Amino acid sequence: MASAITPSLRANLERLKHAGAVNGLCLGWRRQILVSLMPYEDFRVEQLVHTLNDARDHFQSNGGRSVESLWMAFMDVHVLAIFNDDCTLIMLHVRAEEADFLAGVARAFLNDAQLLVAAALGSAS
């Protein structure tokens with residue numbers, strides 16, 4: 001069953017990569033990488049996933065609020081992380097003006113992909 005689910009999840013991410021000026025995508029569950037379409041080595045992507053989850057935990061514990069997204073702007077790339085329960089979708093994109101659009105697309109993807117994620121996690125155990 002994993003052979004049918006994981007390619008479908010990856011194919012959906014590949015389509016999402018064409019939503020705007022997206023350079024990389026990563027779908028994580030808790031602090032694990034499920035699918036990475038990032039232009040970097042896996043250990044760097046793992047560091048990014050851990051750093052974003054640490055930032056989310058920090059803001060939630062110190063501010064008493066729920067963090068649904070984080071957006072960071074750098075010189076040549078922007079990082080958008082959308083959180084949905086235990087899942088995190090991280091996007092690297094170039095155009096700052098696309099951040100709101102990409103956040104909406106990412107939320108829709110995470111809502112629609114919950115069954116695929118659950119199936120991928122169930123088949124891995």
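In this text the structure is predicted, and so the values were computed from the model without any measurement. The analysis underlying the following values was restricted to heavy atoms, covering all of them including side chains, and did not include hydrogens, waters or symmetry mates. For this chain, numbers begin at 1 and follow the sequence in order.
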**OP:** Inspect the contact between R107 and D112 and indicate whether a charged nitrogen and a carboxylate oxygen are less than 4.0 angstrom apart.
**Re:**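 No.
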Original post:
Hey, are R44 and E41 close enough for a salt bridge, meaning a charged N less than 4.0 Å from a carboxylate O?
Top reply: yes
Nearest atoms (heavy-atom pairs only) where [X] meets [Y]:
X: P39; Y: G24; result: CD-CA, 4.1 Å
X: I33; Y: C26; result: CG2-SG, 4.0 Å
X: E98; Y: A21; result: OE1-N, 2.9 Å
X: L110; Y: L27; result: CD2-CD1, 3.8 Å
X: L70; Y: R56; result: CD1-N, 4.2 Å
X: H93; Y: W71; result: NE2-NE1, 3.1 Å

Distance from [X] atom [atom1] to [Y] atom [atom2], nearest 0.5 Å?
X: F83; Y: L89; atom1: CZ; atom2: CG; result: 10.5 Å
X: W29; Y: D85; atom1: CH2; atom2: CG; result: 11.5 Å
X: S36; Y: L25; atom1: OG; atom2: CG; result: 9.0 Å

Original post:
When you measure from the side chain of R31 to the backbone N and O of H50, does any donor-acceptor pair fall under 3.5 Å?
Top reply: yes
**OP:** For Q60 and V67, indicate whether the former's side chain and the latter's backbone hold a donor-acceptor pair under 3.5 Å.
**Re:**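 Yes.
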Note, [X] side chain near [Y] side chain (heavy atom, < 4.5 Å):
X: N23; Y: M91; result: no
X: L16; Y: V105; result: yes
X: V22; Y: L102; result: yes
X: I90; Y: M38; result: yes
X: N53; Y: T88; result: yes

**OP:** Would you please name every residue forming a side-chain hydrogen bond (donor to acceptor under 3.5 Å, both in side chains) with H78, sequence neighbours left out?
**Re:**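 Once residues adjacent in sequence are excluded, H78 has no partner under the side-chain hydrogen bond (donor to acceptor under 3.5 Å, both in side chains) criterion.
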**OP:** Report the residue from D54, V49, L48 that forms a side chain to side chain contact (heavy atoms under 4.5 Å, CB included) with L52.
**Re:** L48
Original post:
Are L13 and F101 connected in a single hydrophobic cluster, I mean Ile/Leu/Val/Met/Phe/Trp/Tyr linked by side-chain heavy atoms less than 4.5 Å apart?
Top reply: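 Same cluster: F101 reaches L13 through Ile, Leu, Val, Met, Phe, Trp or Tyr contacts under 4.5 Å.
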